[in-house]
Protein chains: 2
Amino acid sequence: MKALIEYLNSINEISSQSESALLSICSELEVKKNTDLHPIGHVCRNLYFVKNGLLRIYYLKDHIDVTESFEFENSLVARADSLFHAKPSRKAIQAIEDSNLIAINGVSLFKLYDSHPDIERLFRKVFEIAYVESVNRIESIQFHSAKERYENLLEKSPKIIRRISLKFIASYLGITQVSLSRIRADIK
Amino acid sequence: MKALIEYLNSINEISSQSESALLSICSELEVKKNTDLHPIGHVCRNLYFVKNGLLRIYYLKDHIDVTESFEFENSLVARADSLFHAKPSRKAIQAIEDSNLIAINGVSLFKLYDSHPDIERLFRKVFEIAYVESVNRIESIQFHSAKERYENLLEKSPKIIRRISLKFIASYLGITQVSLSRIRADIK
DNA sequence: CTCATTATTTAACATTTGTAAAAGGAATTC
DNA sequence: GAATTCCTTTTACAAATGTTAAATAATGAG
C-alpha cells in the first residue's frame, strides 16, 4: 500500500490517523490481462489505484469498442459518475496487462469525509486534477485532424504508443484503425 | 445574490454563517456583449455565476477562434486550471449576450475552505459535477461524425441552437461553419 | 431607411477519413 | 513448430469534411 500512500501524499498530506483510516477501507487485488475489472452495466463501487500494469476504460458505440482512456501505474481510476451517484455505468474498466491494484471502497470513503476533513480535501484535489485533465483532453480532440491528434499523443504520451495496441489507440483518438495505420505510414 | 445561494444550496446546503462568509467574498458585475470578461493570457482569479446572459469560453488554435463551452444562466463558470494553480490561461471567457454576473474571488474562497468545511464540501461537489460533465462531453465528440454531434446537441441542448450563432456552434462541435451549414440543410 | 457590416448558405473542388476486403505479421495454443 | 487466431497494413473505392470564393440573408449604425 506504500505506493498509494506516497501518491496521495504528493497531492495532499494527511494525518497518520487519517492514513490508517484510509488504509482500512482498501484491499489489494490482481487482474489478469483482458479481463473486465468493472463490467459494463454495473455500479462502480470502488476507486482503483494502479500499482502496476495497465488499464483502460471502454464502452460500446453501436457495437464498436471505443477506448475512453488509459490508466498507467501510479494513477487513480474511477468511473466517477457511477461511483458518485451509485448508478450503473455504460463503461467498463479493463486490464490490458496483468495488473496489481488497490481498491478503495467508495461508500466507505465518502463516510470518511465526515470524520476526516483532510481526506475529503485530498480527494477534492484528486478530482480537481482529473477535471483539469479531462478539459485538456477535450481540447486535444475538439478541433484537430486525426494526424494532429496522433502527433499530439506522440508528444505528450509516448508511453501510450509504446505499450498499447493500435486498435485501442485508434478509437481513443476517435478514428478507425485503418486511418491510424495510414497516418503512421505517412509520418515515417 | 439570491439566485447564487439557491443554486449552491441545491448542490449542498451550507450553514447561514457559511452563507454570509461566502457572500462577503462575492461581487456583482455586468459585462456587455462581445467583451472578454477574462482575456487570454491572464490568470483567472474568480469563479463566475451567471445570473442572466450568456458566456462562452474560447481559445485560438492557429489564429482560429474555437469555442470550448457555453455557459448559461444559473451556472458557475471558471477556468479551473488557471484558477486552481494561479497560472495564465490560454483561454478567454467572453460574454456573447449582455450579462449580469456574480464573481467569487478564488483566493478568498480557498481560504474559506479552512474555516468552513461545508463550503469546501460544496465546491468539491461543484467541481465533481463539472468533471462528470466534461467526461460526458468527451464521449459526445470522441467517435462521432459531425452530423451525430450536431443531432446530439439538438437533443441535449436545444437552447444552444436557439441562442447562439452558427459560427460558435461549429467550432464547439469541432467542425467548420460550412460543414455545419451543410448538415443543417441536410436535416430539414 | 439605407448603407455597411456581419452571418449564413451554396457551390465547386481538394483532402481526409471511413468501409470492406485481402494480405501479411505476430502472438498464442495445442 | 504447425495451426489458429488476432493484429496491423495495404488497397480500392465511397463518403464526409475542409477550403475557397461567391451569393444571400440578417443585423446594426448612423
Side-chain angles (χ1 to χ4, degrees), chain A residues 31-36 53-54 56 58 60-67 70 94-98 140-154 158 160-188, chain B residues 31-36 53-54 56 58 60-67 70 94-99 140-154 158-188:
Chain A
V31 206
K32 286 285 164 197
K33 183 174 175 169
N34 292 328
T35 61
D36 281 3
L54 179 47
R56 71 176 183 122
Y58 76 93
L60 299 177
K61 189 221 159 197
D62 307 332
H63 307 287
I64 294 173
D65 177 316
V66 178
T67 295
F70 301 108
Q94 182 184 70
I96 53 183
E97 294 177 5
D98 292 350
S140 77
I141 55 179
Q142 188 186 8
F143 206 84
H144 293 78
S145 69
K147 194 174 175 181
E148 285 173 324
R149 275 174 276 173
Y150 182 69
E151 284 172 340
N152 198 279
L153 188 71
L154 268 178
I160 288 185
I161 281 90
R162 269 186 268 114
R163 275 167 70 179
I164 299 172
S165 68
L166 174 135
K167 68 173 179 180
F168 293 154
I169 297 173
S171 69
Y172 174 77
L173 293 173
I175 58 179
T176 61
Q177 295 178 40
V178 175
S179 189
L180 179 52
S181 196
R182 209 156 24 196
I183 288 163
R184 272 187 171 173
D186 216 60
I187 283 175
K188 277 169 206 161
Chain B
V31 205
K32 286 286 166 196
K33 182 172 176 170
N34 292 329
T35 61
D36 281 4
L54 180 47
R56 70 177 184 123
Y58 76 94
L60 299 178
K61 189 220 158 196
D62 308 332
H63 307 286
I64 293 172
D65 176 317
V66 178
T67 296
F70 301 109
Q94 181 184 70
I96 51 183
E97 295 178 3
D98 292 349
S99 303
S140 77
I141 55 179
Q142 188 185 9
F143 205 84
H144 292 78
S145 68
K147 193 174 175 182
E148 284 172 325
R149 278 174 275 174
Y150 181 69
E151 284 172 340
N152 199 279
L153 188 71
L154 268 178
K159 62 183 173 181
I160 288 185
I161 281 91
R162 268 185 269 112
R163 274 168 69 179
I164 300 173
S165 69
L166 174 134
K167 67 175 179 180
F168 292 155
I169 297 174
S171 70
Y172 175 77
L173 293 174
I175 57 177
T176 60
Q177 295 178 41
V178 175
S179 189
L180 180 52
S181 196
R182 211 158 21 199
I183 288 164
R184 272 187 171 171
D186 215 60
I187 284 175
K188 275 169 206 160

* When you get a sec, tell me which of dG18(D), dT17(C), dT9(C) is the closest nucleotide to the side chain of R184(B)? => dT9(C)
* **For F70(A), all residues meeting ring pair (Phe, Tyr, Trp, His ring centres under 6.0 Å), sequence neighbours excluded** => Y172(A)
* Structure fact -> Separation of dC7(D) atom P from I164(A) atom CD1, nearest Å, is 14 Å
* What is the minimum heavy-atom distance between G53(B) and S99(B), and which atoms define it? -> CA-OG, 3.4 Å
* Start at the 5' end of DNA chain C and walk down; is the nucleotide closest to A185(B) or to K167(B) reached first? -> K167(B)
* Gap between atom CG of L180(B) and atom CZ of F168(B) - 0.5 Å precision -> 13.5 Å
* To do: Please round to 10 degrees the angle between the axis of the first five pairs and the axis of the last five pairs in the helix from dC1(C)-dG30(D) to dC30(C)-dG1(D).
  => 50°
Would you tabulate the pairs of protein nitrogen or oxygen atoms and nucleotide nitrogen or oxygen atoms of nucleotides 25-30 of chain C closer than 3.5 angstrom?
none

* Asked: Roughly how far, to the nearest 0.5 Å, is CD1 of I161(B) from CG of L166(B)?
  -> 10.5 Å
* Asked: Could you give the NZ-to-P distance, from K147(A) to dT15(C), as a whole number of Å?
  -> 13 Å
* With sequence neighbours left out, what residues match D186(B) under salt bridge (charged side-chain N to carboxylate O under 4.0 Å, His left out)? -> K147(B)
* Return the value, rounded to whole Å, for the distance between atom CD1 of I183(B) and atom C1' of dA15(D). => 13 Å
* Give every residue pair that meets the salt bridge (Lys or Arg N to Asp or Glu O under 4.0 Å) criterion with at least one member in residues 161-181 of chain A, sequence neighbours excluded. => E73(A)-R163(A), E97(A)-R163(A)
* Could you tell me which residues satisfy side-chain contact (heavy atoms from CB on, under 4.5 Å) with D65(A), sequence neighbours excluded, listed by chain and number? => R56(A), Y58(A), L60(A), T67(A)
* Structure fact -> Between CZ of R149(B) and P of dA16(D) the distance, given in whole Å, is 13 Å
* **Atom-to-atom span, CZ of R182(B) to P of dA12(C) - whole angstrom** => 13 Å
* Interface with DNA chain D, restricted to residues 168-178 of chain A and to heavy atoms under 4.0 Å -> Q177(A), V178(A)
* Asked: Reckon S181(A) has a side-chain N or O less than 4.0 Å from the OP1 or OP2 of dT9(D)?
  -> yes
* Structure fact -> When every non-hydrogen atom of K33(B) is compared with those of I96(B), the smallest separation belongs to CG-O, 3.6 Å
* Just jot down the side-chain hydrogen bond (donor to acceptor under 3.5 Å, both in side chains) partners of Q142(B), sequence neighbours excluded, or say none. => Y59(A)
* **Those residues that, when tested against E148(A), pass salt bridge (charged side-chain N to carboxylate O under 4.0 Å, His left out) (two or more places apart)** => K61(B)
* Residues which pass side-chain contact (heavy atoms from CB on, under 4.5 Å) with R149(A), listed by chain and number, not counting sequence neighbours -> I141(A), H144(A), A146(A), L173(A), I175(A)
* Asked: Between atom CG in N34(A) and atom C1' in dC6(D), what is the gap in whole Å?
  -> 11 Å
* Asked: What distance separates L154(B) CG from R184(B) CZ, expressed to the nearest 0.5 Å?
  -> 8.5 Å
* Distance, rounded to the nearest Å, where L180(B) contributes CG and dT10(C) contributes P -> 12 Å
* Position toward the 5' end of DNA chain D (nearest nucleotide), L166(A) or F143(A) -> L166(A)
* Provide, to the nearest angstrom, the distance between the NE2 atom belonging to H144(A) and the P atom belonging to dT16(C). => 16 Å
